[in-house]
Amino acid sequence: LYYLIGCFQGSTDALREMQRLTHFTDFVIGHSHLTVFGTFVVWATAGMYWVTPRLARRELYSKNLAQWHYWLTVAGFSVMAGDLTLQGMLQGTMLQAGTDFVQSMVAMKPYWIIRSLAGITMDVGAALGFWNLYMTIRHGKAIPVPAGASADYLPEPKWSLETGANGVEPQRPCNRD
């Protein structure tokens with residue numbers, strides 16, 4: 001979704017009148033955050049949650065911490081991207097109207113405060129995520145390796161495919177050979 005929004009934003013920013021409005025403003029930074037952070041950093045985080053328990057051969061330490069990590073990151077990022085976009089358009093409009101550059105910077109102060117608070121929210125989420133992965137490696141419940149498994153066997157943690165969303169093993173069809 002963020003990549004789609006970023007692509008739309010980039011296409012509109014390529015229009016001459018929009019470029020005239022947003023060039024040298026925080027709109028461009030908001031666009032970069034949408035496409036890079038909103039898409040690829042979130043994907044990389046999901047990859048870390050998928051790989052770490054398998055390589056450590058341990059269950060994820062806390063699903064709650066993982067959910068807090070995700071939602072704090074998404075909430076903080078969404079506020080930041082919206083704030084940067086709005087801030088850039090407002091700043092561009094002020095500059096086009098002939099406002100002094102320093103005055104336009106002074107007017108941006110409330111947006112920078114919102115941006116900082118959103119960034120702190122994202123940082124808290126990331127800290128929870130890294131703590132969760134660290135605790136998974138150090139103190140997660142060991143996943144037993146079946147007898148006769150190869151040396152490069154990667155176990156499947158219970159929380160992924162072996163159990164449903166509520167932690168109950170899904171019903172499997174009967175094998176009627």
Side-chain angles (χ1 to χ4, degrees), residues 1-55 60-137 157 159-160 164-167:
L1 178 62
Y2 287 125
Y3 193 73
L4 177 67
I5 294 169
C7 287
F8 176 75
Q9 192 182 42
S11 298
T12 57
D13 193 34
L15 301 171
R16 182 183 301 260
E17 286 304 309
M18 189 67 163
Q19 183 63 220
R20 206 175 286 168
L21 176 69
T22 61
H23 199 64
F24 297 123
T25 70
D26 284 336
F27 182 91
V28 177
I29 297 166
H31 169 71
S32 300
H33 277 65
L34 269 173
T35 53
V36 176
F37 188 91
T39 304
F40 301 109
V41 170
V42 172
W43 289 354
T45 301
M48 288 188 310
Y49 274 110
W50 191 86
V51 167
T52 302
R54 286 166 176 79
L55 292 180
L60 184 65
Y61 179 73
S62 170
K63 285 199 304 190
N64 261 350
L65 282 177
Q67 289 175 347
W68 274 101
H69 173 199
Y70 175 77
W71 287 111
L72 285 172
T73 301
V74 168
F77 171 72
S78 297
V79 169
M80 181 181 282
D83 179 64
L84 285 167
T85 300
L86 181 63
Q87 177 183 352
M89 295 187 80
L90 178 63
Q91 185 180 16
T93 303
M94 290 175 72
L95 292 173
Q96 273 190 345
T99 305
D100 181 55
F101 181 75
V102 174
Q103 288 303 106
S104 75
M105 291 290 105
V106 170
M108 297 301 110
K109 186 176 180 178
Y111 297 95
W112 287 335
I113 292 170
I114 292 170
R115 176 181 172 182
S116 296
L117 293 173
I120 290 168
T121 304
M122 293 165 54
D123 290 343
V124 168
L128 291 175
F130 286 121
W131 177 254
N132 195 18
L133 293 175
Y134 171 77
M135 292 301 284
T136 296
I137 293 166
W159 52 267
S160 57
N166 58 0

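Note that the coordinates shown come from a computational prediction; the quantities given were computed from them, not determined experimentally.
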task: Check side chain to side chain contact (heavy atoms under 4.5 Å, CB included) between Val41 and all other residues, then give those that pass, not counting sequence neighbours.
output: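 Scan of Val41 (side chain to side chain contact (heavy atoms under 4.5 Å, CB included), adjacent residues dropped) gives Phe37, Thr45.
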
- prompt: Sequence neighbours excluded, which residues qualify as side chain to side chain contact (heavy atoms under 4.5 Å, CB included) partners of Ser116?
  reply: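 Not a single residue meets the side chain to side chain contact (heavy atoms under 4.5 Å, CB included) criterion with Ser116.
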
task: Starting at CG of Leu55, measure out to CH2 of Trp50 and round the result to the nearest 0.5 Å.
output: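 Here the rounded value is 8.5 Å.
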
field: Spacing of CZ belonging to Arg115 relative to NZ belonging to Lys109, to within rounding of 0.5 Å
entry: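 Those atoms lie 15.0 Å apart.
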
message: Closer than 3.5 angstrom, by distance alone: can the side chain of Thr136 be matched with the main-chain N or O of Tyr61 as a donor-acceptor pair?
response: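 Yes: the side chain of Thr136 pairs with the backbone of Tyr61.
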
Could you list the donor-acceptor pairs under 3.5 angstrom formed by side chains in residues 123-131, with sequence neighbours left out?
none

Just wondering, do [Y] and [X] contact through their side chains at under 4.5 Å, heavy atoms?
X	Y	value
Asn132	Trp68	no
Met108	Met94	yes
Met48	Leu133	yes

- request: List the atom of Gln103, the atom of Thr99, and the distance in Å for their closest heavy-atom pair.
  value: CB-CG2, 3.7 Å

task: Of all the heavy-atom pairs spanning Ser104 and Leu95, show the shortest one and how long it is.
output: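 Reported closest heavy-atom pair: OG-CD2, 3.7 Å.
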
message: Suppose the criterion is ring-ring contact (aromatic ring centres under 6.0 Å, His included): which pairs have a residue in residues 83-122, not counting sequence neighbours?
response: none

ring-ring contact (aromatic ring centres under 6.0 Å, His included) partners for Trp43, two or more places apart: Phe40

Pair up each side-chain donor or acceptor in residues 75-91 with any protein partner under 3.5 Å, not counting sequence neighbours, and list the distances.
| from | atom 1 | to | atom 2 | distance (Å) |
| --- | --- | --- | --- | --- |
| Ser78 | OG | Tyr2 | OH | 2.4 |
| Ser78 | OG | Val74 | O | 2.8 |
| Thr85 | OG1 | Gln9 | NE2 | 3.0 |
| Thr85 | OG1 | Ala81 | O | 2.9 |
| Gln87 | NE2 | Asp26 | OD2 | 2.6 |

